[in-house]
S.K.: 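Here it is, the structure in full.
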Amino acid sequence: MDIKIEVSARHVHLSESDCLKLFGKAQLTFVRELSQKGQFLTAEKVTLKGLDESGKPNGREIKNVAVLAPFRSESQVEVSLTDTYALKAKAPIRDSGDLKGSGKIMLVASDSDGKALGEIVLDAGLIVAKRHIHMPPEVAKKLKLKDRQIVSVEVDTADRSVIFKDVLIRVAESFSLAFHIDTDEANAANIGLSSVGKIL
């Protein structure tokens, strides 16, 4: 079975309280739906600022980082390993939501004119997301797979075919079938919009 590949660029999930601190409001502005049911891209953007060992900004930043909705119980920032080098930040490779002991990062919000609105420091929350497959239960049953199972996925591209190991299966009623990787992984395999993967 071919599985659609979706490349996740750097993005932020906010808690309601952190949204209020950043933007002065406890709501996010809808732009468009994402492939996974109930999730959407918002008009809000933040700047990520790297921190030194004392917790102060180290002069490294990435601007215009997307904020996704809905709110989560804890704020989470997902970046690539290349982004961590740019920020001089440390971020473990983790499953989404596994934030204990993860990286520190500052988030800064501003309006369309560049005027500062608010900022927060996350003592934990910066991760590089572990590659994974979203899968509805009926597909998991057909493929004889279970939630949290680890598999390998082959991607046969023209010039850089690869086998991704340690791919996490995530099963839920709300999920649409998709293999999620980050931009580093996509570039390494020359993955395009039409690329698909196959579970080995």
Side-chain angles (χ1 to χ4, degrees), residues 1-16 19 27-44 65-81 83 91-100 102 125-200:
M1 175 185 288
D2 288 342
I3 300 174
K4 180 182 179 182
I5 300 174
E6 295 181 340
V7 181
S8 295
R10 66 182 78 97
H11 61 273
V12 173
H13 300 277
L14 291 175
S15 67
E16 187 173 355
C19 181
Q27 60 184 28
L28 294 165
T29 309
F30 177 89
V31 172
R32 63 175 172 84
E33 292 182 349
L34 301 177
S35 65
Q36 298 304 314
K37 298 173 186 176
Q39 296 189 26
F40 60 90
L41 176 68
T42 76
E44 285 72 26
V65 178
V67 176
L68 307 185
F71 291 128
R72 295 203 175 179
S73 58
E74 294 181 277
S75 293
Q76 173 176 303
V77 180
E78 297 181 33
V79 296
S80 68
L81 285 173
D83 291 334
I93 298 173
R94 294 276 185 88
D95 298 341
S96 180
D98 183 7
L99 303 180
K100 185 177 181 180
S102 57
L126 183 68
I127 65 168
V128 176
K130 183 181 177 73
R131 49 185 174 252
H132 57 277
I133 296 175
H134 290 277
M135 187 174 289
E138 61 270 19
V139 175
K141 183 177 180 180
K142 180 179 180 180
L143 298 179
K144 298 180 180 179
L145 295 170
K146 296 180 180 180
D147 186 47
R148 313 302 297 178
Q149 189 170 342
I150 302 297
V151 300
S152 295
V153 176
E154 182 178 26
V155 180
D156 188 12
T157 55
D159 303 307
R160 286 186 163 185
S161 297
V162 299
I163 294 174
F164 290 104
K165 296 184 177 181
D166 301 316
V167 179
L168 177 71
I169 299 291
R170 297 174 58 190
V171 180
E173 290 284 353
S174 62
F175 287 165
S176 299
L177 183 63
F179 176 32
H180 281 191
I181 57 176
D182 67 25
T183 51
D184 284 351
E185 294 167 316
N187 290 336
N190 195 26
I191 287 170
L193 293 174
S194 62
S195 298
V196 296
K198 291 184 178 180
I199 297 175
L200 298 180

S.K.: Go through the structure and list residues passing salt bridge (charged side-chain N to carboxylate O under 4.0 Å, His left out) with D98, not counting sequence neighbours.
M.R.: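 D98: salt bridge (charged side-chain N to carboxylate O under 4.0 Å, His left out) contacts with R94.
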S.K.: Assess, by modelled atom type and distance only, whether the side chains of S8 and E78 contain a donor and an acceptor separated by less than 3.5 Å.
M.R.: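 There is no such pair between these side chains.
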S.K.: Please enumerate all residues that pass salt bridge (charged side-chain N to carboxylate O under 4.0 Å, His left out) together with R160, with sequence neighbours excluded.
M.R.: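 By the salt bridge (charged side-chain N to carboxylate O under 4.0 Å, His left out) rule, R160 matches no residue at all.
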S.K.: If you compare all heavy atoms of V31 against all heavy atoms of A43, which two are closest, and at what distance to 0.1 Å?
M.R.: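 V31 and A43 have their closest heavy atoms at CG2-N, 3.3 Å.
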S.K.: Could you tabulate the donor-acceptor pairs under 3.5 Å formed by side-chain atoms of residues 143-154, not counting sequence neighbours?
M.R.:
| from | atom 1 | to | atom 2 | distance (Å) |
| --- | --- | --- | --- | --- |
| D147 | OD1 | V171 | N | 2.8 |
| R148 | NH2 | D95 | OD2 | 2.7 |
| Q149 | OE1 | K146 | N | 2.9 |

S.K.: Taking all atoms of both residues into account, what is the closest heavy-atom pair of F71 and C19, and its distance?
M.R.: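 Closest approach of F71 to C19, heavy atoms only: CE2-CB, 3.5 Å.
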S.K.: Would you give the length of the straight line joining atom OG of S96 to atom CZ of R72, rounded to the nearest 0.5 angstrom?
M.R.: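 The distance works out to 4.0 Å.
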S.K.: Do other residues, nucleotides or ligands put more than 12 heavy atoms under 6.0 Å from K130 NZ?
M.R.: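 Counting neighbours around NZ of K130, more than 12 heavy atoms of other residues, nucleotides or ligands fall under 6.0 Å, so yes.
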S.K.: Answer yes or no: are there more than 12 heavy-atom neighbours, outside E138 itself, under 6.0 Å from its atom CD?
M.R.: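 Yes - once you tally the heavy atoms of other residues, nucleotides and ligands closer than 6.0 Å, there are more than 12.
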S.K.: Which donor-acceptor pairs under 3.5 Å do side chains of residues 186-200 form with protein atoms, sequence neighbours excluded?
M.R.:
| from | atom 1 | to | atom 2 | distance (Å) |
| --- | --- | --- | --- | --- |
| N187 | ND2 | T183 | O | 3.2 |
| S195 | OG | G192 | N | 2.9 |
| S195 | OG | G192 | O | 3.4 |

S.K.: Which atom names give the shortest non-hydrogen contact between S15 and S75, and what distance separates them?
M.R.: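 Minimum heavy-atom separation between S15 and S75: N-OG, 3.0 Å.
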S.K.: Holding to salt bridge (charged side-chain N to carboxylate O under 4.0 Å, His left out), I want the full list of residues that pass it with K37, two or more places apart in sequence or in another chain.
M.R.: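 K37 satisfies salt bridge (charged side-chain N to carboxylate O under 4.0 Å, His left out) with no residue once adjacent residues are dropped.
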S.K.: Determine the minimum heavy-atom distance between L28 and A69, stating which atoms define it.
M.R.: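 Taking every non-hydrogen atom into account, CD1-CB, 3.8 Å.
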S.K.: For T29 and T42, indicate whether the former's side chain and the latter's backbone hold a donor-acceptor pair under 3.5 Å.
M.R.: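 Not confirmed, T29 side chain does not pair with T42 backbone.
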S.K.: Does any part of the side chain of L126, heavy atoms only, come nearer than 4.5 Å to the side chain of S102, both counted from C-beta?
M.R.: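 They are not in contact (no side-chain heavy atoms under 4.5 Å apart), so the answer is no.
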S.K.: Which atom names give the shortest non-hydrogen contact between Q36 and S174, and what distance separates them?
M.R.: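 Shortest heavy-atom contact: OE1-O, 4.4 Å.
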S.K.: Taking the side chain as everything from C-beta on, heavy atoms only, tell me whether S35 gets closer than 4.5 Å to H134.
M.R.: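 S35 does not reach H134 side chain to side chain.
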S.K.: Heavy-atom distance under 4.5 Å between the side chains of M1 and L177, does that happen here?
M.R.: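 Yes, their side chains come closer than 4.5 Å.
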S.K.: Residues two or more places apart in sequence or in another chain: which of them pass salt bridge (charged side-chain N to carboxylate O under 4.0 Å, His left out) with E185?
M.R.: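 Residues passing salt bridge (charged side-chain N to carboxylate O under 4.0 Å, His left out) with E185: R131.
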S.K.: Do D156 and S161 have a side chain donor and acceptor closer than 3.5 Å?
M.R.: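 Note: D156 and S161 side chains meet the donor-acceptor criterion.
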S.K.: Calculate, to the nearest 0.5 Å, the distance between atoms CG and CG belonging to L68 and L34 respectively.
M.R.: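 Here the interatomic distance stands at 5.5 Å.
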S.K.: Given H132, which of I169, D166, L168, I181 fulfils the side-chain contact (heavy atoms from CB on, under 4.5 Å) condition?
M.R.: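 Answer after filtering I169, D166, L168, I181: L168.
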S.K.: Of all heavy-atom pairs between S176 and P136, which one has the smallest distance, and what is that distance?
M.R.: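 Closest pair (atom of S176, atom of P136, distance): C-CD, 4.3 Å.
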S.K.: Check for a donor-acceptor pair, side chain of E74 on one end and backbone N or O of G97 on the other, with a separation under 3.5 Å.
M.R.: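 It does not hold such a pair.
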